[in-house]
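Working notes, structure below.
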Amino acid sequence: FDAVIAVSAKLEGELVASGIPTDVVHLVRNAFPSGGTALGRAEARARLGLPAGVPIVGWVGRLSQEKAPDIFVQAAAASDEDVHFSLIGAGPELEPCERIASEAGVHDRIRFHGQIEGAGNLLPAFDVLALTSWTEGTPMVLLEAMSQGVPIVTTAVGGIPDILAANEARLVEAGDVAGIANAMRDVLSRPELARSLADAARSRLERDFAVDSWIERHIEIYRSLVRS
């Protein structure tokens, strides 16, 4: 190829390490439009059948090993008793997660919704969005949460540190159940922190992940190839 586009710095490094010349690799992170047609908090909770008056932490993704939904359920078990949890998605880890929830005695505070089309529109139902993956590229659900102003707790894996800094989300080591539980508790108990993280993340999205600049970056690459 005359050019290869990488969507994260981690992937860019891996491509260069594999032998692709550095002048062929171009870093262009994924883009996402800010705003959109998400539901309001009350309607989103009603759609999901979630209680209106309790703090809720959400998780969205495929229930597979690399996404570590079991870590999320373990962190839920280590969290305060008044917090409820919501998992949107389907996959082979559903039964193990349900078993962990039952054995930990938190099955009454965790809802497994299955796969839902357009789940990004339901993110305002959550006081915090948590991502507990062992590995990631550039997760679109984080960009959706940034767009909707939902505070984020996430593992600092793959391309995630490319799109979120410490002042824009709570970043935790993968597999750190206690660290994830503590980060969720910290954000839930400090409304001013939650708002600061969400506002900073939305500003970052608008500044660095705008669709217009993403398109222009691709056009620049195509033009450079034509000129050469």
Side-chain angles (χ1 to χ4, degrees), residues 39 41-117 119-136 139 141-142 144-145 148-157 160 164 169-191 193-194 197-198:
L39 301 176
R41 175 188 174 92
E43 186 178 357
R45 288 198 174 191
R47 292 273 188 97
L48 291 171
L50 297 171
V54 300
I56 295 176
V57 180
W59 185 101
V60 180
R62 175 167 166 74
L63 274 70
S64 54
Q65 287 187 343
E66 72 275 7
K67 295 287 188 177
D70 57 321
I71 297 295
F72 178 72
V73 176
Q74 291 176 55
S79 298
D80 298 336
E81 293 184 358
D82 64 332
V83 181
H84 287 228
F85 300 86
S86 172
L87 287 90
I88 298 177
E93 291 298 300
L94 174 59
E95 289 188 11
C97 284
E98 290 178 328
R99 185 170 58 252
I100 293 170
S102 179
E103 291 173 352
V106 293
H107 58 282
D108 59 331
R109 294 192 287 121
I110 297 182
R111 290 287 303 275
F112 294 91
H113 302 280
Q115 191 71 24
I116 298 178
E117 189 71 23
N121 294 327
L122 299 170
L123 295 183
F126 307 143
D127 296 288
V128 175
L129 176 77
L131 193 70
T132 52
S133 303
W134 291 105
T135 180
E136 281 289 354
V141 68
L142 293 188
E144 288 174 321
Q148 301 304 336
V150 180
I152 296 167
V153 170
T154 179
T155 50
V157 298
I160 292 175
L164 286 166
R170 278 289 177 262
L171 302 173
V172 187
E173 184 178 349
D176 184 358
V177 172
I180 292 168
N182 288 335
M184 294 189 301
R185 183 180 298 111
D186 189 32
V187 176
L188 288 172
S189 65
R190 299 169 59 193
L193 170 65
L197 293 174

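Residue numbers start at 1 and run along the sequence shown.
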Item to check | Given T132, V177, V106, the one that forms side-chain contact (heavy atoms from CB on, under 4.5 Å) with Q74 | outcome: V177

Checklist entry - Do you know which two heavy atoms are closest between I180 and A75, and how far apart they sit? => result CG2-CB, 3.8 Å

Checklist entry - Looking at W134 and V157, what are the two nearest heavy atoms and their distance? => result O-CG1, 3.5 Å

Checklist entry - Given I160 and L131, is the side chain to side chain contact (heavy atoms under 4.5 Å, CB included) satisfied, shown in steps? => result CA-CA 10 Å; I160 292 175; L131 193 70; 3.8 Å; yes

Item to check | Test item: R62 and P92 side chains (from C-beta on) under 4.5 Å apart, heavy atoms | outcome: yes

Checklist entry - Could you give all pairs that pass the salt bridge (charged side-chain N to carboxylate O under 4.0 Å, His left out) test and reach residues 104-116, with sequence neighbours left out? => result none

Checklist entry - Does any N or O in the side chain of S86 come within less than 3.5 Å of the main-chain N or O of G58, such that one atom is a donor and the other an acceptor? => result no

Item to check | Qualifying salt bridge (charged side-chain N to carboxylate O under 4.0 Å, His left out) pairs with a residue from residues 44-59, counting only residues at least two apart or across chains | outcome: E43-R47, R45-D127

Checklist entry - Is the number of heavy atoms from other residues, nucleotides or ligands within 6.0 Å of CD (E98) greater than 12? => result yes

Next on the checklist: Rounded at 0.5 Å granularity, tell me how far CD1 in I71 sits from CD1 in I100.
Outcome noted: 8.0 Å

Next on the checklist: Filter on salt bridge (charged side-chain N to carboxylate O under 4.0 Å, His left out), then keep only pairs touching residues 64-88, sequence neighbours left out; what's left?
Outcome noted: K67-E136, D80-R185

Checklist entry - Closest approach of L188 and P55, non-hydrogen atoms and distance? => result CD2-CB, 4.0 Å

Item to check | Nearest non-hydrogen partners of V150 and F126, listed with the distance | outcome: CG1-O, 3.9 Å

Checklist outcome for this item: When rounded to the nearest 0.5 Å, the distance separating CG of L129 from CG of L123 is 6.0 Å

Next on the checklist: Please verify the inter-ring angle class for W59 with F72; under 30° counts as parallel, over 60° as perpendicular, anything in between as tilted.
Outcome noted: tilted

Item to check | T154: side-chain hydrogen bond (donor to acceptor under 3.5 Å, both in side chains) partners, not counting sequence neighbours | outcome: none

Checklist entry - Can you name the nearest heavy-atom pair linking A119 to V60, along with the distance? => result CB-CG1, 4.2 Å

Checklist outcome for this item: Contacts satisfying ring pair (Phe, Tyr, Trp, His ring centres under 6.0 Å) that involve residues 86-112 (not counting sequence neighbours) are none

Checklist entry - Can you list the residues that meet the salt bridge (charged side-chain N to carboxylate O under 4.0 Å, His left out) rule with E93, with sequence neighbours excluded? => result none

Next on the checklist: Between N182 and R170, is there a side-chain heavy-atom distance shorter than 4.5 Å?
Outcome noted: no

Item to check | side chain to side chain contact (heavy atoms under 4.5 Å, CB included) assessment of L48 paired with I88 | outcome: CA-CA 9 Å; L48 291 171; I88 298 177; 4.0 Å; yes

Item to check | Considering all heavy atoms, the nearest A125-I56 contact | outcome: O-CB, 4.3 Å

